[in-house]
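Chain letters run A, B, ... following the sequence lines, proteins first, then strands; residues in each count from 1.
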Amino acid sequence: MADLKEIADNLIKGNAPRVKELVKKALDERVEVEKILNEGLIAGMDVVGKKFQANEFYVPEMLIAARAMKTGMEIIRPILIQEDIKSQGIVVLGTAKGDLHDIGKNLVGMMLEGAGFEVIDIGIDVAPEVFVQAAKEKKAHLIGVSALLTTTMVSMKDVVKALKEAGLDGKVKVMIGGAPLTQNYADEIEADGYAPDAASAVDKAKELLKAVRDEIRG
Amino acid sequence: MMNPKKNLIKAIRCEEPEWVPCPTVDGSWRVVFHSLVERTSEAGFDDWGVHWKLSDRAGGTYPDKHPIIKPEMVKNFPFPDVETPNLTKPALEMVSEIDRDKSLLLGDNGWGIFERSWLLAGMDNLLIWMSDEPQAVSTLMHRIARVKLRITERLIDEVGVDGIRYGDDWGGEKALMMGPHFWRKFIKPQQRLLYDACKKKGVFILQHSDGHTEEIIPDLIEMGLNILNPLQPECNNIEKIKSEFGKDLAFHGAVSSRTLDKSTPEKITQEVKLRISQLAQGGGYILAPAHSFPYPASNLQAFRAAAIEYGKIPKEWRGKFEVQKTDVEV
Ligand code: B12
């Protein structure tokens with residue numbers, strides 16, 4: 001019998017080949033794909049995020065776990081599409097204008113994907129209008145902006161503004177993060193949410209998108 | 001008679017100095033550089049084969065092509081010629097303008113072992129290889145360390161520096177990026193070679209690493225480190241560190257660069273006062289911002305005034321020394 005916990009455990013260890021094998025085996029044994037996703041892959045990534053938060057895991061462990069997640073997803077994605085199983089929501093993610101730091105942003109992207117979101121990474125040094133344009137094009141529910149510099153975090157305000165000007169405020173949420181940021185700053189610039197690390201970014205995204213998600217899922 | 005250099009040496013030795021040394025005000029140390037191109041100022045390749053792209057918006061160049069794309073390339077990838085006669089030329093030229101009786105001379109070693117490794121292999125590759133290809137990571141870091149070692153030796157032998165500045169950003173906001181386990185496994189043994197070379201020649205060692213570095217301080221002390229920079233106050237428990245390690249290690253920096261960039265002159269004065277009260281007792285503190293960054297002029301003025309007032313810098317040593325930004329400092 002396919003053991004979903006074994007999938008999660010191997011994902012936590014970053015053992016991509018084993019995750020691949022086990023996901024295939026579970027599919028062969030006709031385990032529901034949504035169950036494999038939720039109780040195997042997503043459950044594993046959830047533990048990875050918690051371990052990272054607790055300083056038991058560091059960036060290297062996150063990277064190999066995310067790689068194992070990706071390997072598993074590659075196998076089940078076609079079936080998810082076929083069965084019309086929707087993601088948790090679409091997130092456009094990038095680093096603020098003038099800012100090149102992307103290690104943290106990448107981890108946030110991995111954790112969001114690992115929690116079942118569809119993540120569109122638009123890279124570093126992204127101008128506010130480009131965030132909004134991408135959100136429009138991709139029909140995103142959430143924009144995630146990362147900044148590591150006190151000089152670049154100010155451009156997050158312009159993302160919120162540009163979204164308003166495009167008439168998308170309320171429809172597309174804005175979540176911000178990065179070392180110098182705080183909840184206070186998020187409140188000040190009227191961003192919808194802030195999270196201090198990649199694991200809490202998942203919780204925050206879920207919270208912000210709850211209403212939207214209920215709609216997507218019908 | 002006490003002068004800035006002697007006063008600084010007291011502080012480095014964790015003995016009570018007459019005032020809190022602050023190199024940008026009292027000129028107590030000056031930094032000199034070697035000739036290898038570690039980062040280009042325009043688009044192009046550095047001396048190690050890493051490509052840098054220019055972005056005006058981001059205020060300079062950033063690495064966009066990492067040449068070592070496979071672990072098999074690590075062993076024979078060509079490294080810069082560290083025996084070039086020019087290596088110490090820029091340092092020697094600078095020294096002629098420095099009053100060595102009054103200023104300690106630090107030689108900057110360039111990008112650190114971890115930084116140069118990720119510049120060559122890419123951050124994701126390097127961190128993933130730590131699990132998948134540990135031998136390749138060790139080989140890469142050891143090869144880099146050998147170049148760094150020669151830079152250190154030549155700065156000491158040919159320029160006669162009093163100390164070496166090693167920079168390497170290991171810390172993120174809350175933790176070491178690679179984790180203490182991988183730091184100890186891969187970086188520590190190579191870093192030790194670099195420290196040993198300094199100890200053998202009797203020169204001071206300064207280590208720069210941004211972010212959270214708290215849990216490896218005992219390792220660094222055991223390896224013989226003298227000065228740790230910048231002790232970012234947002235990322236480290238300063239009081240705890242001072243009380244546990246203040247007798248064995250001096251600290252340079254600790255004034256929040258976020259406050260310096262985004263705050264008022266009053267808050268900056270308070271910040272300087274706070275760091276002096278936390279760190280300067282009994283020596284062991286060299287006052288500086290936790291990062292060189294283009295700060296608003298009024299804020300820098302406040303920093304200077306507070307350094308003079310609360311650091312008690314005597315009138316005769318209140319000079320103005322530019323922050324000697326290395327092109328690699330991050
Ligand atoms: C690595 C690093 C670099 C690397 C970046 C490599 C890369 N590919 O990203 C390089 C060398 C390129 C670099 C360059 C510079 N850097 Co730098 N850098 C760092 C360093 C050491 C670590 C950052 C990091 O990657 N941490 C690890 C990751 C995992 O953590 P994280 O980014 O914080 O992300 C976590 C959370 O913040 C959160 N999060 C992040 N993004 C998001 C987004 C959302 C939506 C959410 C919800 C959450 C979230 O989740 C993440 C995971 O848990 C920091 C030190 C520090 N204290 O952070 C300095 C630091 C950020 N750098 C600094 C500076 C000054 C610079 C330079 C200006 C230096 C220079 N003179 O060239 C340049 C700027 C270039 C530019 N325009 O961007 C300063 C900023 C000071 C200030 N006042 O703002 C810092 C704080 C160092 C210091 N001593 O003060 N840097």
**Request:** Under the side chain to side chain contact (heavy atoms under 4.5 Å, CB included) rule, what do B/Met177 and A/Ile103 come out as? Steps first, then yes or no, please.
**Result:** CA-CA 9 Å; B/Met177 285 185 269; A/Ile103 305 167; 4.0 Å; yes

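If you tally non-hydrogen atom pairs under 4.5 Å between each of B/Cys235, B/Gly211, B/Pro180 and chain A, the highest count goes to B/Pro180.
Interatomic distance, CD1 of B/Ile128 versus CG of A/Leu63, reported as 5.0 Å (0.5 Å rounding).
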So which donor and acceptor atoms of chain B and chain A come within less than 3.5 Å of each other?
| residue | atom | partner | partner atom | Å |
| --- | --- | --- | --- | --- |
| B/Arg57 | NE | A/Asp125 | OD1 | 3.0 |
| B/Arg57 | NH2 | A/Asp125 | O | 2.8 |
| B/Arg57 | NH2 | A/Asp125 | OD1 | 3.1 |
| B/Asp132 | OD1 | A/Arg67 | NH2 | 3.2 |
| B/Asp132 | OD2 | A/Arg67 | NH1 | 2.7 |
| B/Asp132 | OD2 | A/Arg67 | NH2 | 3.0 |
| B/Lys174 | NZ | A/Pro196 | O | 3.3 |
| B/Met177 | O | A/Val59 | N | 3.2 |
| B/His181 | NE2 | A/Glu61 | OE2 | 2.5 |
| B/Asp261 | OD2 | A/Thr150 | OG1 | 2.6 |
| B/Lys262 | NZ | A/Thr150 | O | 3.3 |

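The ring-ring contact (aromatic ring centres under 6.0 Å, His included) search around B/Phe303 returns none, not counting sequence neighbours.
Looking at B/Leu176, the atoms closer than 4.5 Å to chain A (heavy atoms on both sides) all sit in the backbone: N, CA, C or O.
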